[in-house]
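Chain naming here is simple, since letters A, B, ... match the order of the sequence lines and numbering starts at 1 in each.
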Amino acid sequence: DAKTTQPNSMESNEEEPVHLPCNHSTISGTDYIHWYRQLPSQGPEYVIHGLTSNVNNRMASLAIAEDRKSSTLILHRATLRDAAVYYCILRDQETSGSRLTFGEGTQLTVNP
Amino acid sequence: EAGVAQSPRYKIIEKRQSVAFWCNPISGHATLYWYQQILGQGPKLLIQFQNNGVVDDSQLPKDRFSAERLKGVDSTLKIQPAKLEDSAVYLCASSLVKFTGELFFGEGSRLTVL
């Protein structure tokens, strides 16, 4: 699986937008970009995923660079409940099936 | 809709003892996964089942870990004998066979080996 690079930690303020970066310079054409988050003492939960185009859902937006070597998870208005570890994961549909390989993620702190 | 159920939530054992964790996936999810998450790290896949067959167990330490999914629904993960380094949270997840991009995780079973 191709590797991703994320900052270890980030801080934001409540009710402000948050942009979480992910670098994946070795991404292949068949790699999907997945984002999961893990709240304290819980299992990870799905946030969003995409292949080439930007994606929006009720939780967040995923902005994918034109060359696909980086992506950004956007939380439009952070709440205290968004404090979590955010994982950016690449999944090669052809070789990995539904297997997700988690890295160490970005610890997001949201200040009131 | 009920989520992925796991038990026990917490377990403390001494090294060389055995332990078993149980998982009940979301109804209709044929694919089931066991992950191990050591403190401060991301989850690591141990084994993946589709129905009651093993799809991937390449990272399962087979000398001490075993898992089964006899009827294609519930699953059990066993560790025997446990080592100190097995202290971790054991996460079960499930998904549809036709993968939508979404894994559904349980809350996990936290194991402490003394």
Does [X] belong to the same Ile/Leu/Val/Met/Phe/Trp/Tyr cluster as [Y], with side-chain heavy atoms less than 4.5 Å apart forming each link?
{"X": "B:W34", "Y": "B:I13", "result": "yes"}
{"X": "B:I47", "Y": "B:V73", "result": "no"}
{"X": "B:Y33", "Y": "B:L96", "result": "no"}
{"X": "B:L46", "Y": "B:V4", "result": "no"}
{"X": "A:V47", "Y": "A:V55", "result": "yes"}

Quiz prompt | Which portion of A:Q107 sits near chain B, non-hydrogen atoms under 4.5 angstrom | solution = neither

Quiz prompt | Residue part contacting chain B, namely of A:Y32, when any heavy atom lies under 4.5 Å | solution = neither

[atom1] of [X] to [atom2] of [Y]: how many Å apart, nearest 0.5 Å?
{"X": "B:Y35", "Y": "A:L100", "atom1": "OH", "atom2": "CG", "value": "4.5 Å"}
{"X": "B:S58", "Y": "A:R99", "atom1": "OG", "atom2": "CZ", "value": "6.5 Å"}
{"X": "B:L91", "Y": "A:F102", "atom1": "CG", "atom2": "CZ", "value": "8.5 Å"}

Practice problem: Find out whether B:V97 and A:S98 are in side-chain contact, i.e. whether some heavy atom of one side chain is under 4.5 Å from a heavy atom of the other. | Solution: no

Throw together a table of side-chain donor-acceptor distances under 3.5 angstrom for residues 102-112 of chain B, partners on residues two or more places apart or in other chains.
unit_1	atom_1	unit_2	atom_2	d
B:E107	OE1	B:R9	NH1	3.1
B:S109	OG	B:P8	O	2.6

Self-check item: Contact leader toward chain A among B:Q41, B:Q48, B:Q6, B:K44, where contacts are heavy-atom pairs under 4.5 Å
Solution: B:Q48

